[in-house]
Student: 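This structure is in structure tokens; I'll ask about it shortly.
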Amino acid sequence: MTSRVRRLTVKPIGGSSASEAAMPFRARKKPEPLDEAALYQYAVGALARQMRTVAELKRLMSRRVEPGEPGEAKVAAVVARLLDQRYLDDPAFASTYTRLRQENQSFGKRRVQQELTRKGVQGELVASTLEAAYAQVSEEDLARRYLARKRIAKPEDDKQTARLIRRLIGAGFSFAIISKLLKTWEIDCSEADLVLPEDGDAE
């Protein structure tokens, strides 16, 4: 008995023809630089979509202006205007961001410190914000909430214990907090047992 082989024709992604698929991609044309008025409207729209730090907004706007001093002057003028209007407010951003990371992710101080720093918040503001925010909560309680939210149970072996430690470090908790949690499960570890967090371990 002779089997019949069905020939399959693979259609290019997006439904285009073979000849169209063979055409080289056209480079996306860089948008024309915005003038100051248009840049201001662009910035307001960006802030309406989500809160941003001064540093983040500057990086965003720098892509929409010409390079060099003319573009930098536009960005500086728009930032000054937004600060004056309180549309930009790094202290308010840092406070709100910290509160949300505590309430929604149950992250420890170290994790939030790293994230605020990456977002361009100045070191002194980061320190004062975290001091005020974490004075009102117990990081041990936060760590327990983190474990409950992630549905993490008592580790059953050394491998699971190591993974738990990585996740808690990645979530921003200190060795002292981690050690207390492990002792409630009658698990002892030294600071030498701690390892750096792997990608995604704290998410």
Student: Do K183 and S179 come close enough that some side-chain heavy atom pair is under 4.5 Å?
Tutor: yes
Student: Could you tell me which non-hydrogen atom of T161 sits nearest to which non-hydrogen atom of L182, and how far apart they are?
Tutor: CG2-CD2, 4.4 Å
Student: Has Y87 got more than 12 heavy atoms of other residues, nucleotides or ligands less than 6.0 Å from its OH?
Tutor: no
Student: Quick one: does E56's side chain have a donor or acceptor within less than 3.5 Å of a partner on R52's backbone?
Tutor: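 Here the side-chain-to-backbone pair does not exist.
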Student: Is the backbone of S106 close enough, under 3.5 Å, to the side chain of R101 for a donor and an acceptor to pair up by distance?
Tutor: no
Student: Side chain of S128, backbone of L125: donor and acceptor closer than 3.5 Å?
Tutor: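 Between the backbone of L125 and the side chain of S128 there is a qualifying donor-acceptor contact (under 3.5 Å).
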Student: Testing the basics here: between T96 and M51, what is the closest heavy-atom pair and its distance to 0.1 Å?
Tutor: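 Taking every non-hydrogen atom into account, CG2-SD, 4.1 Å.
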Student: The test is side chain to side chain contact (heavy atoms under 4.5 Å, CB included); show your working for V79 and M61 and say whether it passes.
Tutor: CA-CA 10 Å; V79 166; M61 289 193 295; 3.6 Å; yes
Student: Can you find a heavy atom in the side chain of Y97 that is under 4.5 Å from one in the side chain of T129?
Tutor: no
Student: Can you name the closest pair of heavy atoms from Q102 and L142 and give their distance?
Tutor: O-CD2, 3.8 Å
Student: Atom CG of L100 and atom CD of Q105: how far apart are they, to the nearest 0.5 Å?
Tutor: 8.0 Å
Student: Enter the distance from L130:CG to T98:OG1 here, rounded to the nearest 0.5 Å.
Tutor: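 Here the interatomic distance stands at 5.0 Å.
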Student: Considering all heavy atoms of both residues, which atom of G120 and which atom of A55 are nearest to each other, and what is their separation?
Tutor: CA-CB, 3.8 Å
Student: What's the verdict on side chain to side chain contact (heavy atoms under 4.5 Å, CB included) for R110 and S174, showing C-alpha distance, side-chain angles and the deciding distance?
Tutor: CA-CA 8 Å; R110 290 181 180 179; S174 66; 4.0 Å; yes
Student: Side-chain contact, heavy-atom cut-off 4.5 Å: I187 with P155?
Tutor: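 Yes, close enough: below the 4.5 Å cut-off.
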Student: May I ask whether V54 and L116 are part of the same hydrophobic cluster, defined by side-chain heavy atoms of I, L, V, M, F, W, Y residues being less than 4.5 angstrom apart, directly or through others?
Tutor: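 No.
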Student: Atom OH in Y42, atom CG in L57: separation rounded to 0.5 Å?
Tutor: 8.5 Å
Student: Any chain of hydrophobic side-chain contacts (each under 4.5 Å) joining Y40 to L83?
Tutor: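 Yes, Y40 and L83 fall within the same hydrophobic cluster.
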Student: Between K180 and E140, which heavy-atom pair has the shortest distance, and what is it?
Tutor: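 Distance-wise, the nearest heavy atoms are CD-OE1, 3.5 Å.
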Student: For the CD atom of E36 and the CZ atom of R81, what is their distance to the nearest 0.5 Å?
Tutor: 7.5 Å
Student: Does any non-hydrogen side-chain atom of K109 lie less than 4.5 Å from one of E131?
Tutor: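 With C-beta onward as the side chain, the pair stays apart.
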Student: Looking only at atom types and distance, does a side-chain atom of S95 sit under 3.5 Å from a main-chain N or O of A92, one as donor and one as acceptor?
Tutor: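 Not at all, since once roles are kept as given, no pair shorter than 3.5 Å links the two residues.
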Student: Does CD belonging to E186 count more than 12 external heavy atoms closer than 6.0 Å?
Tutor: no
Student: Is the closest side-chain heavy-atom distance between F173 and F107 below 4.5 Å?
Tutor: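 No, their side chains stay 4.5 Å or more apart.
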Student: Please round to the nearest 0.5 Å and tell me the distance separating atom CG of L88 and atom NZ of K58.
Tutor: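 Those atoms lie 9.5 Å apart.
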Student: Could you check whether any side-chain heavy atom of L82 comes within less than 4.5 Å of a side-chain heavy atom of V44, counting everything from C-beta outward?
Tutor: yes
Student: If you compare all heavy atoms of E139 against all heavy atoms of G108, which two are closest, and at what distance to 0.1 Å?
Tutor: OE1-CA, 3.4 Å
Student: Any side-chain to backbone donor/acceptor pair from Q41 onto A38? Under 3.5 Å, distance only.
Tutor: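 Flag not set: sc Q41 to bb A38 has no pair under 3.5 Å.
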Student: Do any N or O atoms from the side chain of D90 and from the backbone of Q122 form a donor-acceptor pair under 3.5 angstrom?
Tutor: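 Between the backbone of Q122 and the side chain of D90 there is no qualifying donor-acceptor contact (under 3.5 Å).
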Student: Would you say the side chain of R151 lies within less than 4.5 Å of the side chain of R149, judging by non-hydrogen atoms?
Tutor: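 Not in contact.
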Student: Counting only heavy atoms not in D158 (residues, nucleotides, ligands), do more than 12 fall under 6.0 Å from its CG?
Tutor: no
Student: Charged N to carboxylate O below 4.0 Å: is that the case for E115 and K119?
Tutor: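 So E115 does not pair with K119 through a salt bridge.
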Student: Side chains of L164 and L147: closer than 4.5 Å at any heavy-atom pair?
Tutor: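 Yes, close enough: below the 4.5 Å cut-off.
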Student: Any chance you could measure R111, atom CZ, to L168, atom CG, to the nearest 0.5 Å?
Tutor: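 One gets 12.0 Å once the value is rounded to the nearest 0.5 Å.
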